[in-house]
**Student:** 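Structure incoming, see below.
Indexing begins at 1, ligand by ligand and atom by atom, following the structure's order. Throughout, numbering of the chain's residues begins at 1 and tracks the sequence.
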Amino acid sequence: MFVNFIPVRMQLELNEQQKMIRNMVKEFAEKEVAPIAAELDKKGEYPTKTLEKMAKLGLLGIIIPQEYGGAGLDTISYATVVEEISRKCASTGVITSVHNSLAAWPIIKYGTDPQKKKYLPILARGEKIGAFAGTEANAGSDLGAMQTTAHLKGNKYIINGSKTFITSGPKAGIIIVFAVTDKAAGPKGLSAFIVESSMKGYKVGSIFEKLGINASLTSELIFEDMEVPKENLLGAEGDGFKIALATLDGGRIGIASQAVGIAQAALDESINYAKQRQQFGKPIASFQAIQWMIADMATRIEAARYLVYNAAYKKDKGERFSKEAAMAKLFASETAMDAVIKAVQIHGGYGYTKEYTVERLFRDAKITEIYEGTSEVQRMVISGSLLK
Ligand SMILES: Cc1cc2nc3c(=O)[nH]c(=O)nc-3n(C[C@H](O)[C@H](O)[C@H](O)COP(=O)(O)OP(=O)(O)OC[C@H]3O[C@@H](n4cnc5c(N)ncnc54)[C@H](O)[C@@H]3O)c2cc1C
């Protein structure tokens with residue numbers, strides 16, 4: 001006997017608006033992002049002009065409410081934007097993700113009215129690029145071990161310390177910075193601040209040479225008696241750890257989307273190549289070994305994308321989504337690595353050269369297993385929520 005239909009508590013198909021956004025961004029990425037991606041990677045050049053064009057389309061304020069000049073879109077739309085941009089350039093993808101979900105989102109969620117009015121329109125217009133500064137030389141997975149300090153002096157916080165591996169570090173204008181305001185309180189003694197790069201005592205340190213995502217500049221940030229107005233404290237003193245964790249939950253949906261985009265690009269390239277490349281008098285696509293790699297890549301990508309949509313859907317419904325975001329990020333990043341390894345294999349020797357896109361994808365994929373929580377950290381989050 002059939003029971004009543006129970007609505008599925010996840011979204012398996014994009015609605016009309018989400019489809020329209022995906023198609024618009026796909027077209028934009030093909031026209032504006034793809035042609036310059038290899039060159040920017042080679043030169044380690046930040047995609048400034050692309051970001052200006054993206055700002056005009058509203059893509060730097062995707063999740064920012066319309067009243068602050070943003071597009072006010074949902075998280076699934078945001079995920080499709082990051083996926084389609086990353087499909088053509090993973091560097092531009094991560095800049096978009098960090099700007100929206102690690103810089104704008106904590107202001108949307110925890111900001112005061114004046115903070116929202118002051119900073120969100122600037123981020124939405126892309127006048128300033130956003131960054132998130134949590135990691136320190138001795139505080140990576142263990143963010144609670146950070147040593148940067150902030151203390152109130154008159155109407156200003158004085159911040160001292162340094163951050164490392166900050167995406168968009170050399171270019172960012174608005175940075176969410178985390179610092180210790182009460183050492184004795186441990187992680188509950190961390191606070192979050194909205195910092196502007198023009199503030200006295202703010203300095204960009206070394207820019208890292210990296211394996212991949214070379215066009216997304218990654219640097220140290222150094223704070224020497226940096227003066228931050230008291231009103232730039234985000235949330236209350238002591239809220240920093242909570243804000244960091246909640247922000248990273250959402251950020252992981254962005255990185256999972258970046259990983260799906262990289263994996264999809266690896267599949268796109270592999271299908272094209274396998275149909276063209278002839279060996280033993282036939283296209284290599286006619287060999288079962290190649291067909292199975294293509295089938296496995298496509299299946300994992302589809303599964304990863306649904307995990308992303310599921311986490312995004314729960315976030316939009318206001319439900320807890322930490323576990324789902326961790327699952328999406330873990331599975332999508334491992335899918336990206338699996339896909340790029342197979343893609344290079346399908347391309348044979350040519351895939352090992354810079355003549356072919358899969359070489360860049362191979363280098364770009366690895367970071368998705370590391371930042372915004374390594375795969376080990378994602379497994380800790382998932383198991384922690386199951387074993388509590
Ligand atoms: C290109 C790039 C961009 C980045 N962008 C940003 C940014 O914009 N903002 C920002 O704040 N940070 C950023 N990061 C930092 C990134 O989030 C950290 O590198 C990451 O969280 C890991 O920290 P870590 O490098 O110190 O590694 P560690 O924490 O030292 O980890 C080293 C290894 O030990 C494992 N490990 C650690 N603890 C445990 C444990 N308890 N159990 C099991 N295994 C464990 C890790 O999984 C990893 O395999 C970026 C990093 C890179 C490389």
**Student:** Starting from atom 15 (C) of ligand 1, what is the nearest protein heavy atom, named by residue and atom, and what distance separates them?
**Tutor:** Thr135 OG1, 3.2 Å

**Student:** Are Leu102 and Ile176 packed together at the side-chain level, in the sense that at least one heavy-atom pair is separated by less than 4.5 angstrom?
**Tutor:** no

**Student:** Measure from atom 30 (O) of ligand 1 to the protein's non-hydrogen atoms and state whether any distance is below 4.0 Å.
**Tutor:** no

**Student:** Do Ser97 and Gln258 touch side chain to side chain, with heavy atoms closer than 4.5 Å?
**Tutor:** no

**Student:** For atom 52 (C) of ligand 1, what is the nearest protein heavy atom, given as residue, atom name and distance?
**Tutor:** Ile367 CD1, 3.7 Å

**Student:** Answer with yes or no whether Val377 contacts ligand 1, where contact means a heavy atom under 4.0 Å from a ligand atom.
**Tutor:** no

**Student:** So do Val308 and Val260 actually touch side chain to side chain, heavy atoms under 4.5 Å?
**Tutor:** yes

**Student:** Tell me which protein heavy atom sits closest to atom 24 (P) of ligand 1, plus the residue, atom name and distance to 0.1 Å.
**Tutor:** Gly140 CA, 3.9 Å

**Student:** Looking at Thr92, Thr96, Ile36, which one forms a side chain to side chain contact (heavy atoms under 4.5 Å, CB included) with Pro47?
**Tutor:** Thr92

**Student:** Any N or O of Lys210 that comes nearer than 3.5 Å to an N or O of ligand 1?
**Tutor:** no

**Student:** Within ligand 1, which atoms have a heavy atom of Ile370 less than 4.0 Å away?
**Tutor:** 20 (C)

**Student:** What I want to know is whether Thr218 and ligand 1 share at least one N or O pair that is separated by under 3.5 angstrom.
**Tutor:** no

**Student:** Between Lys49 and Glu52, is the closest basic N to carboxylate O distance under 4.0 Å?
**Tutor:** no

**Student:** Looking at Arg305, Lys31, Arg22, which hits salt bridge (charged side-chain N to carboxylate O under 4.0 Å, His left out) with Glu84?
**Tutor:** Arg22

**Student:** Whether the Thr218 and Lys210 side chains hold a donor-acceptor pair (N or O, under 3.5 Å, no angle test) is what I'd like checked.
**Tutor:** yes

**Student:** Any N or O of Thr167 that comes nearer than 3.5 Å to an N or O of ligand 1?
**Tutor:** yes

**Student:** More than 12 non-hydrogen atoms from neighbouring residues, nucleotides or ligands closer than 6.0 Å to NZ on Lys26, yes or no?
**Tutor:** no

**Student:** If the contact criterion is a heavy-atom separation under 4.0 Å, does Val98 count as touching ligand 1?
**Tutor:** no

**Student:** Could you tell me whether the side chain of Glu220 reaches within less than 4.5 Å of the side chain of Ile207, counting heavy atoms only?
**Tutor:** no

**Student:** What residue and atom, counting heavy atoms only, is the protein's closest point to atom 27 (O) of ligand 1, and at what distance?
**Tutor:** Ser141 OG, 4.3 Å

**Student:** Just which atoms of ligand 1 are under 4.0 Å from any heavy atom in Gly134?
**Tutor:** 11 (O)

**Student:** Note the single closest protein heavy atom to atom 45 (C) of ligand 1, along with its residue, its atom name and the distance in Å.
**Tutor:** Glu376 CB, 4.4 Å

**Student:** Which atoms from ligand 1 have a heavy atom of Ile166 less than 4.0 Å away?
**Tutor:** 7 (C), 8 (O), 9 (N), 10 (C), 11 (O)

**Student:** ring-ring contact (aromatic ring centres under 6.0 Å, His included) with Tyr356: which residues, sequence neighbours excluded?
**Tutor:** Tyr273, His347, Tyr350

**Student:** In terms of heavy-atom contacts, does NZ of Lys19 have more than 12 from other residues, nucleotides or ligands at under 6.0 Å?
**Tutor:** yes

**Student:** Please write down residue, atom name and distance for the protein heavy atom closest to atom 39 (C) of ligand 1.
**Tutor:** Met380 SD, 4.6 Å

**Student:** Examine Tyr371 against ligand 1 and note whether any of their N/O atoms are separated by less than 3.5 Å.
**Tutor:** no

**Student:** Is at least one protein non-hydrogen atom found at under 4.0 angstrom from atom 34 (O) of ligand 1?
**Tutor:** no

**Student:** Polar-atom distance check: Thr164 versus ligand 1, any N or O pair below 3.5 Å?
**Tutor:** no

**Student:** Any non-hydrogen side-chain atom of Thr374 less than 4.5 Å from a side-chain atom of Glu376?
**Tutor:** yes

**Student:** Could you list which atoms of ligand 1 come closer than 4.0 Å to a heavy atom of Thr374?
**Tutor:** 22 (C), 46 (C), 47 (O)

**Student:** For residues Leu248 and Leu143, determine if any side-chain heavy atom of one lies less than 4.5 Å from a side-chain heavy atom of the other.
**Tutor:** yes

**Student:** Measure the distances from the heavy atoms of Lys163 to every atom of ligand 1 and state whether one is below 4.0 angstrom.
**Tutor:** no

**Student:** Which heavy atom of the protein is the closest neighbour of atom 7 (C) of ligand 1, given with residue, atom name and distance?
**Tutor:** Phe165 O, 3.3 Å

**Student:** Do the non-hydrogen side-chain atoms of Val204 and Ile222 ever get within less than 4.5 Å of each other?
**Tutor:** no

**Student:** At a 4.0 Å threshold, what atoms of ligand 1 neighbour a non-hydrogen atom of Phe132?
**Tutor:** 7 (C), 8 (O), 9 (N), 10 (C), 11 (O)

**Student:** Pull out every atom of ligand 1 sitting under 4.0 Å from any heavy atom of Glu372, numbered as shown with elements.
**Tutor:** 17 (O)

